[in-house]
Amino acid sequence: MKNILLTFWLTAFASVAAFAQSGTIKGAVKDKTTGEEIIGANVLITGTTSGAATDVFGNFEFKAAAGAQSVTVSYIGYKDWTGTVTVTAGGTSTLNVNLDPDLVELEGVVIKSKAERSGSEVLLLEQKKAATMVENIGVKEMAVKGVSNVEDGLTKMSGIAKVGSKGVYVRGLGDRYNSATLNGLPVPATNPDMKMIPLSIFPTDVVEAISVSKTFNATQYGDFGGATIDIATKTYPEDPFLSVGVGASGNSIITGKDFKTFQDGQFERLGFSGNGRENTVNDRNVPPASETAGDPFKTGFTPTTTQAPVGFDFNIRGGNKFDVGSEGQIGFIASVAHENDFDYKGGSRRNLNAQAVELNNFQRDEYTYSTLTTALLGVNYQLNPKHDFTYNLLFANTSDNTTSELFGYVQDVAANDILIRRNTYVQSQLLTNQLLGEHLLNDSETLALDWGVSYSTTNRIEPDRRQNSFRVNSEKLLQLNASQNHRFWSDMDEDEIAAKTGLVWKHGETTEGEAKGTASFGYQGKYKGRQMQNYQYNMRAAGDGLNQIISPNNPDEFFNDENYLKGNYSYSNGIDVAQHEFEADMNVHGIYGSYDYNINDRFKALVGVRYENGLQEVRFRNLRNSYDDPYQISQYKTNDILPSLSLKYAYTDKSNFRFAFSKTLTRPGMREIIPFQYQDVDGNLFEGNRELENSTNYNLDMKWEIFPNSGELFSVSLFGKKIYDAIELTQLAQGGGNLFTYTNTEEANVAGAEIEFNKNLENVFGDAFQGLSVGLNATYLYSEIVLKEGDPKSEILTNKTRQLQGASPYLINANLAYNKEVGKWNTTFSGVFNMFGDRVYSAGQQGAGDIYEKAVPKFDFVWRNTFSEKWSIDMKVKNILNPEIQRYQQEFGDRSIQDQTVDSFHEGVSFSVGVSYIIK
């Protein structure tokens with residue numbers, strides 16, 4: 001650590017020393033004939049690569065050594081300009097340049113480049129010009145804010161929060177209300193309990209930009225409640241490169257300390273289970289001991305204790321482009337990355353009844369080793385300026401190896417020496433292939449066609465989950481119910497085929513050179529098929545095994561071939577015979593038409609309508625069926641007309657007023673309609689409801705936005721939603737436990753306001769604040785669920801009206817960044833803060849109060865330094881405040897009882913350092 005700090009301060013000192021001998025050159029580049037700003041012009045110290053490119057307003061700014069400097073300005077289609085400017089140490093020199101068009105060079109020029117969308121300036125320009133309300137974040141901004149994956153990147157945007165393992169919530173609406181696309185095409189979820197793919201599997205290394213549409217338009221799938229999130233991956237670079245990066249990470253509460261785990265698979269350290277956790281029985285029933293040579297399962301129940309090392313990450317990326325013929329080019333980018341991490345959660349967990357009496361009270365120790373491996377290939381082929389083809393391949397493999405230990409009190413046995421230990425290994429894989437095309441169909445470029453097809457496969461396995469429950473003092477198994485000691489296997493496969501095609505016709509021209517009107521027509525469709533198999537084998541001590549000592553520290557002394565053959569313990573089928581497998585399909589076909597019309601130079605309207613046909617089919621067996629019975633089939637067919645309207649009024653050249661209204665729907669996820677029972681670690685059961693119906697959503701948004709300068713934004717939004725037949729998770733009491741299922745509630749109401757701004761402080765306070773910028777987005781949210789009167793499924797819930805699950809009354813994200821650049825030196829320091837208000841984690845029932853997640857403030861620090869054209873180093877310190885993560889339960893049947901903490905832990909302060917080197 002001392003060496004790291006020494007390197008940090010020496011580099012920072014060298015950066016400051018270099019800055020002290022330099023000054024700033026700033027100005028604008030315009031077309032000499034028209035006076036229009038030129039975007040992307042190169043402004044360089046003559047004969048070097050030091051300088052900057054002009055932004056979306058034609059402005060530039062960069063550091064240069066003190067003294068007389070020769071500057072060259074160039075842009076394709078214009079004559080180069082060269083002049084001299086005198087730079088004073090610590091001062092600012094202004095240079096405004098008007099370029100002469102090069103009419104000779106313009107003739108026959110073929111532009112072979114692509115738009116660079118990773119910078120905030122370009123993305124804000126897209127947001128300003130768009131007819132719809134869209135928010136973007138680019139990879140450069142995510143890097144400054146210390147973001148390592150798409151899910152974390154979204155939480156830096158207004159109205160978006162991460163709710164534990166439940167994924168991303170947009171304006172209080174969770175997984176079932178949001179959808180994700182990859183380059184405009186849908187991708188399947190890798191978790192059978194989720195509707196949207198976990199966005200944490202997408203590292204920022206493979207992403208160019210993320211776009212979030214919180215308002216609906218007809219070109220999007222109609223399954224829209226909170227937002228549509230599109231991830232645009234990289235395709236190829238403008239300049240060839242090859243880079244290698246390595247990094248290390250740690251955590252204040254686990255690195256170098258005891259870490260319990262089970263490592264059974266051949267390559268689990270890399271995130272691949274191999275065959276170490278195979279189900280050697282692979283049948284509904286385990287053969288009796290008389291037919292085996294011992295215990296048929298070869299993995300044990302005794303964890304291994306090691307010292308948690310630092311995490312490690314590695315990546316290699318490269319790309320290039322080549323001319324093909326006189327007009328074409330081909331470019332590619334490839335990336336391979338791997339990272340692993342060690343995590344620990346230690347704290348308390350307990351469950352209470354409606355009178356706040358403890359049902360159990362545990363000390364929790366949870367150890368998780370996680371990995372992420374990704375590979376990306378993007379190939380772009382430009383046949384000529386009118387025809388463009390892109391192929392994308394994305395592979396992602398995630399794994400979580402979690403060992404959980406709960407020790408403490410259980411009311412059912414009136415004992416406080418209960419130990420429950422479970423090892424869960426989950427591996428998910430995604431392979432996506434995409435082919436996309438863009439075509440200009442006439443010479444005037446007023447008619448365009450785009451299309452895309454994709455084929456995705458996902459696989460999620462939970463192999464050889466093992467659980468034991470012990471009476472520690474007596475060293476016996478706890479056997480209150482059959483599933484307290486078990487092994488479990490699960491295997492889910494899913495295929496998804498998607499296609500889209502759209503025709504765009506532009507006509508007329510405004511005074512600003514835009515099309516007067518744009519008509520769009522198209523088709524979008526997707527097919528998803530899922531198959532899932534489950535096996536569970538419950539264990540019981542029997543015969544002489546009931547009297548044998550079973551040590552919780554080494555249970556494998558009992559669970560061995562000798563005791564199995566003697567009949568001292570046995571296995572039995574732990575899942576109802578008809579519930580081992582199911583199949584499900586989902587088909588969606590949509591056609592749309594929309595018209596974007598510039599009523600005048602300031603007023604724009606976009607009106608659209610979408611027709612969508614949907615079919616969900618589940619093939620299953622009920623609990624009363626036998627395994628050999630044919631599948632029962634449940635179908636749900638829908639036909640929906642979904643209108644949308646968006647209005648934009650450009651009050652000034654740098655400000656817009658926006659209005660949007662739409663009707664959309666929310667389809668239940670596959671897991672929510674499948675009548676399959678899944679048992680969690682606490683013994684509760686979850687089962688889908690095949691009678692669920694789609695929700696109908698009416699959405700209203702208003703927004704005022706200002707773009708003061710390049711890269712700056714100020715906006716205020718008001719929004720509201722009315723959701724009919726909203727889908728909610730409900731809890732039903734039944735003998736021996738609780739059953740969670742899903743139902744359509746009567747309605748949900750959501751309303752709120754958002755404010756967002758990004759500002760360069762130099763533009764406010766002068767050169768003394770040069771390089772300093774601040775960003776803030778905040779959301780106030782009102783939400784309410786109204787339950788159906790007289791519905792027995794909702795009558796048992798304690799509160800008949802409450803805020804939406806996962807919805808916070810407020811969200812705050814703020815950042816302060818400082819950037820300095822001199823020649824090859826570029827240093828950025830940034831602090832990032834975020835906080836959410838108390839939010840509902842789960843709804844209480846039968847007099848027990850709702851469980852809330854307590855507000856948590858988080859602060860991260862990021863330091864990035866590029867000190868040559870080839871070397872860069874990054875350092876991050878995250879969760880510096882290390883607050884207590886806490887859930888509490890309130891409003892018990894006896895209202896005099898105070899709020900009770902039911903779950904609490906600390907995540908620790910994490911730190912990481914990474915070094916990258918550009919080979920070429």
Side-chain angles (χ1 to χ4, degrees), residues 164-165 253-254 258 260 303 343-368 402-424 467-481 483-486 550-553 555 679-686 731 733-734 736-740 798 838 840-854 856 883-908:
S165 62
I253 60 176
I254 192 59
D258 286 349
K260 291 187 179 182
D343 180 66
Y344 169 78
K345 289 183 175 64
S348 63
R349 174 181 289 179
R350 59 179 182 156
N351 290 317
L352 309 171
N353 66 11
Q355 289 72 43
V357 175
E358 288 184 344
L359 302 178
N360 54 56
N361 188 344
F362 292 113
Q363 168 64 38
R364 175 182 65 173
D365 295 289
E366 185 174 282
Y367 310 84
T368 301
T402 301
T403 299
S404 301
E405 291 188 342
L406 301 177
F407 177 76
Y409 170 80
V410 174
Q411 184 192 50
D412 285 347
V413 289
N416 58 8
D417 67 336
I418 306 303
L419 173 65
I420 302 173
R421 178 186 295 129
R422 173 183 281 198
N423 174 247
T424 305
Q467 177 175 309
N468 283 145
S469 303
F470 302 96
R471 293 292 304 272
V472 173
N473 293 338
S474 60
E475 296 186 306
K476 302 290 184 183
L477 285 183
L478 179 66
Q479 300 187 145
L480 287 177
N481 61 64
S483 63
Q484 285 179 326
N485 301 276
H486 69 257
I550 305 177
S551 171
N553 295 323
Q679 187 174 38
D680 70 6
V681 66
D682 295 326
N684 292 322
L685 296 173
F686 291 81
Q731 184 179 10
Q734 62 175 24
N738 296 304
L739 173 66
F740 292 85
T798 302
D838 292 13
V840 175
Y841 176 77
S842 63
Q845 50 90 28
Q846 294 181 339
D850 301 330
I851 296 178
Y852 282 76
E853 288 185 278
K854 192 174 182 62
V856 175
E884 184 180 36
I885 310 299
Q886 186 181 124
R887 297 182 187 135
Y888 63 90
Q889 195 164 359
Q890 66 171 204
E891 295 184 2
F892 293 89
D894 182 354
R895 298 302 172 111
S896 65
I897 299 175
Q898 296 181 350
D899 295 348
Q900 300 288 309
T901 300
V902 295
D903 195 5
S904 65
F905 60 91
H906 289 271
E907 294 182 325

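Heavy atoms only: backbone and side chains are in, while hydrogens, waters and symmetry mates are out.
Under the rule for a salt bridge (Lys or Arg N to Asp or Glu O under 4.0 Å), Lys476 has no partner lying at least two apart in sequence or in another chain. Qualifying side-chain contact (heavy atoms from CB on, under 4.5 Å) partners for Leu480, counting only residues two or more places apart in sequence or in other chains: Asp412, Val413, Leu478, Gln484. Taking the side-chain contact (heavy atoms from CB on, under 4.5 Å) definition, one finds that Ile253 meets it with Asn251, Tyr344, sequence neighbours left out. With sequence neighbours excluded, the residues forming a side-chain contact (heavy atoms from CB on, under 4.5 Å) with Glu358 are Arg350, Leu352, Asn361, Tyr409, listed by chain and number. With sequence neighbours left out, Thr901 forms a side-chain contact (heavy atoms from CB on, under 4.5 Å) with Gln886, Ser904. Scored by the salt bridge (Lys or Arg N to Asp or Glu O under 4.0 Å) test, Asp838 finds no partners at all (sequence neighbours excluded).
A pairwise comparison of heavy atoms in Ser474 and Asp417 identifies N-OD2, 4.3 Å as the closest pair. The two residues Pro883 and His906 make their nearest non-hydrogen contact at O-ND1, 3.4 Å. Between Ala356 and Gln900, the closest heavy-atom pair is CB-CG, 4.5 Å. Ser348 approaches Asp903 most closely through the heavy-atom pair O-OD1, 3.0 Å.
Under the 3.5 Å distance criterion, the side-chain polar atoms of Asn423 are matched with a main-chain donor or acceptor of Thr402. A donor-acceptor pair is defined here as one N or O able to donate and one able to accept, closer than 3.5 Å; no such pair exists between the side chain of Asp365 and the backbone of Glu405.
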Where do Phe407 and Ile418 land on the side-chain contact (heavy atoms from CB on, under 4.5 Å) test, with the steps shown first? CA-CA 6 Å; Phe407 177 76; Ile418 306 303; over 6 Å; no
